[in-house]
Amino acid sequence: MNVLVIGNGGREHAILLALRKSKRVDKLYCMKGNAGTAQIAENVDVDYMNVSAVKKYVSEHPEIDYIVVAPDDPLSIGLVDELEAMGKRCFGPRKNAAIIEASKAFSKNLMKKYNIPTAESEIFSDYDKALQYIRAKGAPIVLKADGLALGKGVLVCEDLKQAEEGLKEIMLDKAFGSAGNVIVIEECLKGLKYTPGEEVSVLAFTDGKTIVPMITSCDHKRVYDGDKGLNTGGMGTFSPCPFWSKEIEKEVYDKIMLPTMHAMNAEGRTFKGCLYFGLMRTDKGMKVVEYNSRFGDPETQVILPMLKTDLMDIFEAVTDERLADIKIEWEEGACVCVVLASGGYPLGYVKGKQITIGNTGEAVLVHAGTAVKDGKLVTSGGRVLGVVSKGKTIEDARKKAYKAVEGIHWEGMQYRTDIGEKYRKG
Ligand code: AMP
Ligand code: GLY
């Protein structure tokens with residue numbers, strides 16, 4: 001089979017690395033890809049948000065048998081629907097199901113209607129009413145722009161002043177554009193043991209009939225050590241989540257995963273693909289913080305290296321709605337991904353810095369914002385590289401990953417030094 005993966009980042013490189021291990025995959029393509037994907041796939045220089053350009057490319061390349069649409073934005077505009085209409089087989093939800101991520105108002109209403117545990121919330125399209133609500137509720141309080149905002153549309157506000165400023169930014173100044181026309185205002189959840197909270201990402205394969213959780217992972221959203229600084233797309237991940245247990249798995253499966261799959265079916269929005277559950281462990285049990293309609297980035301970088309089953313077999317089983325027939329197996333042990341980012345990220349940063357790479361030992365470099373310029377590897381984005389290492393334990397994996405980081409350099413490179421330490425310090 002010849003497989004096209006749509007997307008540019010670390011997640012897409014990680015998916016390609018897993019597909020490369022498949023006995024059934026001949027040739028890989030990546031639209032648009034980066035310097036890492038170019039080593040194992042043919043990079044295709046087409047803007048994947050330009051639906052007619054994608055369709056033109058695909059119709060001119062009938063040798064492509066299967067297409068994985070990995071990022072949220074092409075999913076939200078219905079790229080899968082368009083490709084399926086051309087007779088192509090795809091991995092990823094259709095537009096009417098991708099809304100579970102693309103509209104937070106939709107997902108909050110879904111959870112309310114189907115009794116899926118989440119933070120209490122109200123939805124507003126009127127600034128004055130939202131302001132009144134915030135003043136009545138007080139802080140801490142969480143504001144979420146309804147639409148997609150590159151993972152930055154959520155403000156966790158410690159005090160009322162912050163909340164009022166945040167509301168103005170989102171609804172009046174349109175800091176996230178039209179994503180902020182509607183706002184979700186919700187209760188601030190607290191972790192059971194640790195502050196600010198105990199979060200876990202659980203990704204699941206689903207074909208609308210069966211839902212199968214993958215191994216768990218934990219992200220580090222803030223830019224600096226100790227969960228300080230601004231929210232980012234994710235500065236590193238580790239797997240598995242240390243507080244995960246059989247009991248929690250059962251609770252999440254029975255009260256969150258299955259009900260979500262059934263709810264989407266009941267709404268006529270069957271979800272097929274990878275459904276991502278961002279969860280928090282609270283004193284009232286596990287609650288949904290967010291849904292994503294796709295693989296997480298950088299969660300995928302620590303999950304797929306542990307997959308023993310052929311990823312292509314799983315993708316096709318999802319497409320053909322026979323996921324129940326497949327046994328999905330994982331390696332024992334742990335995996336850690338340390339993200340190396342451009343100086344200044346997640347705000348402004350300079351691209352085009354030359355990257356030098358020393359001995360990385362057992363670690364694998366997953367490329368995100370990299371390019372080749374004049375024969376040299378250079379930075380081309382905010383998150384540049386993910387340094388991924390497996391180990392017997394998280395401690396073992398993180399040591400190997402940080403050892404490899406020592407040999408990598410470019411001007412301004414920044415990273416967190418505490419990936420994999422979460423939940424060990426109160
Ligand atoms: P999201 O973009 O929805 O993943 O939100 C970004 C981050 O904001 C989450 O990973 C949480 O750390 C935090 N967050 C979102 N909603 C809440 C909530 N209701 N209570 C506390 N923290 C939250
Ligand atoms: N790492 C969080 C996300 O992919 O949204």
Side-chain angles (χ1 to χ4, degrees), residues 7 9-12 14-15 70-73 75-76 98 100-108 111 117-122 137 139-158 163 166 170 176 179 183-192 194-203 214 216-223 227-239 241 274-284 286-303 337 339 341 346 366 368 382-383 386 419 422-423:
R11 165 184 51 210
E12 288 74 19
I15 291 172
D72 48 5
D73 34 2
L75 290 168
S76 76
I100 198 166
E101 171 172 9
S103 167
K104 291 196 192 282
F106 171 86
S107 66
K108 293 305 291 193
M111 288 185 269
T118 185
E120 269 181 41
S121 66
E122 290 293 332
K137 283 283 170 186
I141 196 158
V142 180
L143 311 184
K144 300 186 170 184
D146 172 50
L148 295 177
L150 294 171
K152 293 170 194 163
V154 173
L155 304 178
V156 180
C157 305
E158 304 300 337
I170 295 176
F176 309 110
I183 193 166
V184 174
I185 303 181
E186 68 178 35
E187 151 205 19
C188 189
L189 296 173
K190 287 207 168 53
L192 179 65
Y194 307 111
T195 31
E198 289 144 273
E199 291 183 62
V200 52
S201 307
V202 191
L203 285 59
M214 303 181 209
T216 58
S217 59
C218 297
D219 193 6
H220 297 67
K221 288 220 160 78
R222 303 293 184 121
V223 66
D227 291 329
K228 302 275 190 317
L230 293 172
N231 263 328
T232 69
M235 293 299 287
T237 36
F238 61 88
S239 172
C241 168
C274 171
L275 184 51
Y276 168 129
F277 298 83
L279 306 173
M280 196 180 286
R281 179 172 70 157
T282 75
D283 58 358
K284 294 191 189 68
M286 299 299 290
K287 293 197 178 186
V288 177
V289 174
E290 62 162 346
Y291 291 115
N292 290 326
S293 59
R294 50 169 176 87
F295 282 98
D297 189 343
E299 283 88 344
T300 308
Q301 286 87 316
V302 292
I303 293 172
C337 171
V339 169
V366 178
R383 292 186 294 174
I419 304 301
K422 223 172 178 177
Y423 311 131

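Computed from a predicted model, the values in this text were never measured in an experiment. Remember, it's 1-based here, ligands and their atoms both numbered in the order they're listed.
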Heavy-atom proximity to atom 23 (C) of ligand 1, picking from T118, I141, V156, T282, points to V156
Using the benzene-type ring in the case of Trp, are the ring centres of Y276 and F295 under 6.0 Å apart? no
Within ligand 1, which atoms have a heavy atom of C188 less than 4.0 Å away? 20 (N), 21 (C)
For ligand 2, does T237 get within less than 4.0 Å through its side chain, its backbone, both, or neither, judged by non-hydrogen atoms? neither
Of all the heavy atoms in G296, does at least one lie under 4.0 Å from an atom in ligand 2? yes
Side chain, backbone, both or neither: the part of R11 lying under 4.0 Å from ligand 2 by heavy atom: neither
Which atoms of ligand 1 sit under 4.0 Å from any heavy atom of K104? 3 (O)
What I want to find out is whether K108 reaches E186 closely enough, with some N-O distance under 4.0 Å, to be called a salt bridge. yes
Within the structure, is a non-hydrogen atom of K144 found at a distance of less than 4.0 Å from ligand 1? yes
So is there a nitrogen or oxygen of N292 less than 3.5 Å from a nitrogen or oxygen in ligand 2? yes
Looking at ligand 2, is there an atom of it that comes within less than 4.0 Å of some heavy atom belonging to G278? no
Answer yes if the side chains of S103 and D146 hold a donor-acceptor pair under 3.5 Å, and no otherwise. yes
For A119, the atoms of ligand 1 under 4.0 Å from one of its heavy atoms are 19 (N)
Output yes when E12 and R294 qualify as a salt bridge under the 4.0 Å nitrogen-oxygen rule, no when they do not. no
protein heavy-atom neighbour closest to atom 5 (O) of ligand 2 works out as R294 NH2, 2.9 Å
With distance as the sole test, does R222 use its side chain to make a donor-acceptor pair with the main-chain N or O of T232 at under 3.5 Å? no
T216 versus C241, closest heavy-atom pair with distance: OG1-N, 2.8 Å
Could you check K284 against E187 for salt bridge (charged side-chain N to carboxylate O under 4.0 Å, His left out), going step by step and ending with a plain yes or no? CA-CA 13 Å; K284 294 191 189 68; E187 151 205 19; 5.8 Å; no
Give yes or no for whether the N/O distance cutoff of 3.5 Å, strictly under, is met between L189 and ligand 1. yes
Please say whether N231 places an N or O atom under 3.5 Å from an N or O atom belonging to ligand 1. no
Here the atoms of ligand 2 under 4.0 Å from any heavy atom belonging to D219 are 1 (N), 2 (C)
Kindly identify the option in E186, E198, R222, E290 whose heavy atom sits closest to atom 19 (N) of ligand 1. E186
Can you tell me if Y276 has a non-hydrogen atom under 4.0 Å from ligand 2? yes
